[in-house]
Colleague: 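I'd like to ask some things about the structure below.
Side chains included, hydrogens not; waters and symmetry mates left out as well; all remaining heavy atoms used. Chain letters run A, B, ... following the sequence lines, proteins first and then strands; every chain starts at 1.
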Amino acid sequence: MTTVELGMPDAPTPIDAAIARSLEQHGPKVTDLKGKDFKTDQEVRWCPGCGDYVILNAVQSFLPSLGIAREDMVIVSGIGCSSRFPYYMNTYGMHSIHGRAPAIATGLAASRPDLSVWVVTGDGDALSIGGNHLIHALRRNVDMTILLFNNRIYGLTKGQYSPTSEVGKVTKSTPMGSLDHPFNPVSLAIGADATFVGRAMDSDRKGLTEVLRQAAEHKGTSLVEIYQNCNIFNDGAFELLKDPATGPMWTIPLEHGKPLVFGPDGASCVVREEFGGLRIAETNQVDPSEIVVHDATREDPSYAFALSRLSSQDLRYTPMGVFRKVQKPSYEAMMAEQLDEARLQGPGDLGALLAGGDTWTVDA
Amino acid sequence: MTGTNPTVAPSESNGALATTVPSSAPGGLVKSVVALDRVVIRLAGDSGDGMQLTGNRFTSETASFGNDLKTLPNFPAEIRAPTGTLPGVSSFQLQFADHDVMTPGDAPDVLVAMNPAALKANLAELPGGGLLILDSDEFTPRNLAKVGYATNPIEDGSLEGWQTVSVPLTSMTLEALKDSGLGKKEAERSKNMFTLGLLSWMYHRPTEGTIRFLERQFRRKPEIAAANIAAFRAGYNYGDTTEAFAVSYEIKPAPMKPGRYRNISGNQALALGLVAAGQRSGLPIFLGAYPITPASDILHEMSRHKAFGVRTFQAEDEIAGIAAAIGASFGGALGITTTSGPGVSLKSEAMGLAVMTELPLVIVDVQRGGPSTGLPTKTEQSDLLQAMFGRNGEAPIPVIAPRSPGDCFDAAIEAARIALAYRTPVILLSDGYLANGAEPWAIPAVDELPDLTGDVGFATEPNGEDGEYLPYLRDPETLARAWAIPGTAGMQHRIGGLEKADRTGNISYDPANHDFMTRTRQAKVDGIAASIPLTDVEDPDGLDGEGARVAVIGWGSTYGPIGAACRRIRSSGRKVAQIHLRHINPFPADLGEVLARYDRVICPEMNLGQLSMLLRARYLVDVQSHTQVRGLPFRAAELAAVIQDAIDTAQPTAVTPSAGSPAVNGAQQ
Ligand SMILES: Cc1ncc(C[n+]2csc(CCOP(=O)(O)OP(=O)(O)O)c2C)c(N)n1
Ligand code: SF4
Ligand SMILES: [Mg+2]
């Protein structure tokens, strides 16, 4: 990744020049990195035992496999415990303002298609104050990867319920239980026509890494919901899925091209229902041909949406993995194409532009 | 056809010069040509009548003829209020002259009213004796009733105080287009072009530009182009042959500095200035914006200039607009966001982020009447204090303002210069009057525009003693921080909205550091004063402080009306100094001293005294605030009265006004 196409082919822009100079000074880009190369000297300040640590470790150890130089990576976050993430990553980063990270990342990714742009956000950050930016980023399909750390609580502000908390959640701000219905972030993203939507568990290093890898490779906006334990304000929120005794019963692992059979001994499965819906059935009660074979690449989002609706607020029947992965032109690429097209007759001529329209001359 | 022949030059009542030269027109008609030094015309009609287009075309013709001019479009916020009603009236006023003019004129000399509503809404502002041209076809009982006329003013004698010419503009247009193949409704739409043709004859305007324009505009509908051109010519010929108009007027070109000129509106000039800033800095431009009146035209204009490496992003809201621009600036682009007051309110938190992260960013606020949705299409200067202080915390942002439509170009480049050189967000305060108003503009030579490349300077090498990169290490002179962009190896760093430790930019909650950083951010903005010119004082009657004892200070679009008022004052024999601010934060370094030289300082503003408050707080000067928030620019006569009063009461003995010439209604403009 050395050439930057910024829309001014006539002379190198200061951006091109800066990158060229840095290549001279540092030699070619270093892309064979180790996990520790992504660590910074900043002390990590999450509560001991917080799920954010596990996610940080998983990301740091997986990133080298992408072969992207650290200087070509930018992580933009909003506000929340989770949004401290960039400080701990030896890449470029911006810890911005509450909810706005997808919009900031959009401007960066749209004007610098040469970079690998990541967003780290929380359930409050992404779905409450920043809900508008999130859905618009998803529908635009700007090339970036959004990691939504969902702990179903406001961590940083000390434990109010969040837009993903279950109804009836008792918190400091809802002593008699919360009243509003939660968002299912995956349903929301699919509803916004996101081209890549996945879900993973903080503690499942292998599953998380696999979803992250696919998300990073996807061209366009990827959204990965990561269930993250906040052991201070919402401890055990995902225990049903994590507990080896109950987890397999309620988790539906998604593997592209594989039948959706799950549970101990594959006792449960997913079959089609009326009106395009899906339902859970007992495997031995249905004909194998009725069992849905997972296809993340379906153009029509209804299947992925139906899949996301299988889970209830209390997390029973939660699909984990990649729900949807479809190809659509990405925003920044189309934007660059428009610039190229506009330059077909040559780069802009400022003198001609200023003198555009009807002019007249006053003689001396 | 009723009414009297206008044989008196319409502007004489306002003091314009007129000389008469007889001439003969075809058909043996004797027509005379009257020379005027200036005219103010107001075109008024229904929103659907195309008055803005007609006004703009007349303006272009007038500009290319070489007159100096200023325009004032005035239209409702509704796209199409019910036809024929008062809320649906749209008008366009312009003043053009054989000398330089500073305003669109206080009151029209000529009013063209396309229907009863337009007459009713505007007649009060047409001075007695002024020329009134009416479309008699539209004065039907139904239309009269809509606006509450019990009788037809054309017939009931109520228009006797004016030179009224009522002409069946609509039916003459239909007659001219009877062979065009267009239906009645469609043909009727060309009546604005018929009217434009008539006015073009009356004022000896060149016509080729309009014909070319119509051909271009209706490229894909040649029959519509042909109909409009036919109507335009018919209107012109009608003027030439009718007895209704015995006089036409000649206004000689105004002496202007040699050079190439074009007509330009404020929004257009601002957009071109931003494009130029990109070209002159070498940086790609990224504009994040959400549509809002009266700023949208900047987004429209910028989106046409992709060949200049301009990326425009229509965001989901104003917050996303500025946020995306900040993201682009982090990546090394020149981030820009354009909006109006309500949008600025939404952007304030992100502006704070730009202050904290010390990234270059240009925020354009085209002010309109407020608060809340306010008066979307009307002008006001009431966002000044919002621009200065409308953020949480100590969040200083440089503020600059253009003084005329053409000056929006230079102001945009200056905003970019400050943003880049000092790594700071900059607010550019335009307003609705500048945005939509137009004037002739001397086209600048590209290589004479400021060179901004020296202000960019991306860091590519570690700047710390231990070979580390310190993003908050500052240039000792400008206090600008180092700016390393993603993609440069070894310079990875994190910035954000949390307080930064000096030099390293790491998160810091240290009390002494916060105090230091707060003061440093303020000092950086204050220090910009070193790079801007000293106070701009115009006092032709003496050296600063030696001549006038009274100064008028303004900012932004009040430059024209204040300047026109000062001319009146001076031609009455009094002395007055005009101080006009381009930079409001920081003020020019010598402003305090300059203000102290005068016995009185008057500050007219289209708000309730916001600059006055700043000046009083900052310099302890007893500024006399004069304010108005009518959604329209000041009238020069009104300001002249205020100034004259200040002068006469400040120094009753020292003033020696030339005999019998009160400033208020004596002089030009
Ligand atoms: C404009 C604004 N409003 C409110 C806050 C306070 N605030 C900070 S983080 C947060 C909620 C964070 O929740 P979430 O996104 O779920 O992140 P978590 O801490 O759980 O990781 C709130 C309300 C703020 N910083 N800015
Ligand atoms: S409050 Fe919760 S989410 Fe925040 S750091 Fe502590 S454990 Fe983690
Ligand atoms: Mg949370």
Colleague: So, the side chain of A:Thr359 versus the backbone of A:Ala355: is there a donor-acceptor pair under 3.5 Å, distance only?
Modeller: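 Checking the backbone N and O of A:Ala355 against the side chain of A:Thr359, no donor-acceptor pair under 3.5 Å is found.
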Colleague: Is the A:Tyr88 to A:Trp46 ring centre distance short of 6.0 Å?
Modeller: yes
Colleague: Between B:Pro440 and chain A, which part of the residue has a heavy atom less than 4.5 Å away: side chain, backbone, both or neither?
Modeller: both
Colleague: When heavy-atom pairs shorter than 4.5 Å are enumerated against chain B, which of A:Asp349, A:Ile97, A:Thr40, A:Thr361 gives the highest number?
Modeller: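 Of A:Asp349, A:Ile97, A:Thr40, A:Thr361, A:Ile97 has the most heavy-atom pairs under 4.5 Å with chain B.
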Colleague: Does any heavy atom of chain B fall under 4.5 Å from the side chain of A:Ala105, the backbone, both, or neither of them?
Modeller: neither
Colleague: With respect to chain B, which residue among A:Asp363, A:Asn90, A:Ile135 yields the maximal number of heavy-atom pairs within a distance under 4.5 Å?
Modeller: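 It is A:Asn90.
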Colleague: Taking NZ, NE, NH1 and NH2 as the nitrogens, is one of them in A:Asp193 or A:Lys328 under 4.0 Å from a carboxylate oxygen of the other?
Modeller: yes
Colleague: Between B:Arg57 and B:Phe213, is NZ or CZ placed under 6.0 angstrom from the six-membered ring centre and within 45° of the ring axis?
Modeller: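 The answer is yes, since B:Arg57 meets both limits relative to B:Phe213.
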Colleague: Quick one: of A:Gly346, A:Ala110, A:Gly99, A:Ala20, who has the most non-hydrogen atom pairs under 4.5 Å with chain B?
Modeller: A:Ala110
Colleague: Side chain, backbone, both or neither: which part of B:Ser329 has a non-hydrogen atom closer than 4.5 Å to chain A?
Modeller: neither
Colleague: Using a cut-off of under 4.5 Å for heavy-atom pairs, which of B:Ser281, B:Gly497, B:Gly327, B:Ala269 has the most such pairs with chain A?
Modeller: B:Gly327
Colleague: Any salt bridge linking B:Arg262 with A:Asp358? Criterion: basic side-chain nitrogen under 4.0 Å from a carboxylate oxygen.
Modeller: no
Colleague: B:Ile322 versus chain A, heavy atoms under 4.5 Å apart: side chain, backbone, both or neither?
Modeller: neither
Colleague: So for B:Ala63, is it side chain, backbone, both, or neither that comes closer than 4.5 Å to the heavy atoms of chain A?
Modeller: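 Both parts, backbone and side chain.
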Colleague: Using a strict cut-off of less than 4.0 Å between a Lys/Arg side-chain nitrogen and an Asp/Glu carboxylate oxygen, indicate whether A:Asp340 and A:Arg343 qualify as a salt bridge.
Modeller: yes
Colleague: Taking side chain as everything from C-beta outward and backbone as N, CA, C, O, which of these in B:Gln268 sits under 4.5 Å from a heavy atom of chain A? Side chain, backbone, both or neither.
Modeller: neither
Colleague: Between A:Thr195 and A:Asn141, is there a side-chain donor-acceptor contact under 3.5 Å, judged purely by atom types and distance?
Modeller: yes
Colleague: What part of B:Ala350 lies closer than 4.5 angstrom to a heavy atom of chain A: side chain, backbone, both or neither?
Modeller: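 Looking at B:Ala350, backbone and side chain both touch chain A.
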Colleague: Show the nearest heavy-atom pair for residues B:Lys500 and A:Tyr87, with the distance to one decimal.
Modeller: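 That closest heavy-atom pairing would be NZ-OH, 4.4 Å.
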Colleague: Look at the side chain of A:Ser22 and the backbone N and O of B:Ala489, then say whether any donor-acceptor pair between them is shorter than 3.5 Å.
Modeller: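 Pair found, side chain donor or acceptor close to backbone of B:Ala489.
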Colleague: Taking atom types as modelled, find out whether A:Asn132 and B:Asp317 have a side-chain donor-acceptor pair closer than 3.5 angstrom.
Modeller: yes
Colleague: Considering only NZ, NE, NH1 and NH2 on the basic side and carboxylate oxygens on the acidic side, decide whether B:Lys306 and A:Glu337 come within less than 4.0 Å.
Modeller: no
Colleague: Look at B:Ala320, B:Gly259, B:Ala333 and state which one has the largest set of heavy-atom pairs under 4.5 Å with chain A.
Modeller: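 Max contact count across the listed options: B:Gly259.
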Colleague: Using heavy-atom distances under 4.5 Å, tell me whether A:His26 contacts chain B through its side chain, its backbone, both, or neither.
Modeller: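 Side chain of A:His26 only, per the 4.5 Å heavy-atom cut-off to chain B.
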Colleague: Considering only NZ, NE, NH1 and NH2 on the basic side and carboxylate oxygens on the acidic side, decide whether B:Arg280 and B:Asp451 come within less than 4.0 Å.
Modeller: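 No, B:Arg280 and B:Asp451 are not salt-bridged.
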Colleague: Non-hydrogen atoms of chain A under 4.5 Å away: do they reach the side chain of B:Phe286, the backbone, both or neither?
Modeller: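 Contact with chain A involves the side chain of B:Phe286 alone.
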Colleague: Identify which part of A:Met94 has an atom lying under 4.5 Å from any heavy atom of chain B, answering side chain, backbone, both or neither.
Modeller: both
Colleague: Let me know if A:Thr91 has heavy atoms under 4.5 Å from chain B in its side chain, its backbone, both or neither.
Modeller: backbone
Colleague: Under 4.5 Å heavy-atom distance to chain A, tell me which part of B:Phe65 shows up: side chain, backbone, both or neither.
Modeller: neither
Colleague: Indicate whether the side chain of A:Asp125 and that of A:His98 have a donor and an acceptor atom separated by less than 3.5 Å.
Modeller: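 The answer is yes; a qualifying pair exists.
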Colleague: If I measure from the heavy atoms of chain A, does B:Arg304 come under 4.5 Å with its side chain, its backbone, both, or neither?
Modeller: neither
Colleague: Quick check on the interface: out of A:Pro102, A:Gly93, A:Gly27, who has the most heavy-atom pairs with chain B under 4.5 Å?
Modeller: A:Gly93
Colleague: Ignoring hydrogens and geometry beyond distance, is a side-chain donor-acceptor pair present between A:Thr106 and A:Tyr331 at under 3.5 Å?
Modeller: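 Side chains of A:Thr106 and A:Tyr331: no pair found under 3.5 Å.
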Colleague: Side chain, backbone, both or neither: which part of A:Arg45 has an atom under 4.5 Å from a heavy atom of chain B?
Modeller: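 For A:Arg45, the side chain is the part near chain B, not the backbone.
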Colleague: Between B:Met491 and chain A, which part of the residue has a heavy atom less than 4.5 Å away: side chain, backbone, both or neither?
Modeller: both
Colleague: Quick check on the interface: out of B:Ala323, B:Ala315, B:Gly496, who has the most heavy-atom pairs with chain A under 4.5 Å?
Modeller: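 It is B:Ala323.
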Colleague: Which region of A:Gln338, side chain (C-beta onward) or backbone (N, CA, C, O), has a non-hydrogen atom less than 4.5 Å from a non-hydrogen atom of chain B, or is it both or neither?
Modeller: both
Colleague: Under 3.5 Å, is there a donor-acceptor pair between the B:Thr62 and B:Arg205 side chains?
Modeller: yes
Colleague: For chain A, find which of B:Val275, B:Ile319, B:Ile264, B:Asp447 contributes the most heavy-atom pairs closer than 4.5 angstrom.
Modeller: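 Between B:Val275, B:Ile319, B:Ile264, B:Asp447, the count favours B:Ile319.
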Colleague: Scan side-chain atoms only and decide if B:Glu61 and B:Thr210 contain a donor-acceptor pair under the 3.5 Å cut-off.
Modeller: yes
Colleague: Checking B:Pro253 against chain A: side chain, backbone, both or neither under 4.5 Å from a heavy atom?
Modeller: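 The answer is neither part of B:Pro253.
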Colleague: Tell me which of these, B:Val446, B:Thr488, B:Ile443, has more heavy-atom pairs under 4.5 Å with chain A than the rest.
Modeller: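 Option with the top pair count is B:Thr488.
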Colleague: Among side-chain atoms of B:Arg494 and A:His95, is any donor-acceptor pair under 3.5 angstrom?
Modeller: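 No pair is found: no donor N or O on one side chain lies under 3.5 Å from an acceptor on the other.
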Colleague: Checking heavy atoms, do the side chain of B:Leu359, its backbone, both or neither come under 4.5 Å from chain A?
Modeller: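 Contact with chain A: side chain only.
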Colleague: Can you tell which part of A:Met89 gets under 4.5 Å to a heavy atom of chain B, answering side chain, backbone, both or neither?
Modeller: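 Only the backbone of A:Met89 comes within 4.5 Å of chain B.
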Colleague: What part of B:Thr312 lies closer than 4.5 angstrom to a heavy atom of chain A: side chain, backbone, both or neither?
Modeller: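 The backbone, not the side chain.
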Colleague: Can you tell which of A:Gly357, A:Ala109, A:Gly356 has the highest number of heavy-atom pairs within less than 4.5 Å of chain B?
Modeller: A:Gly356
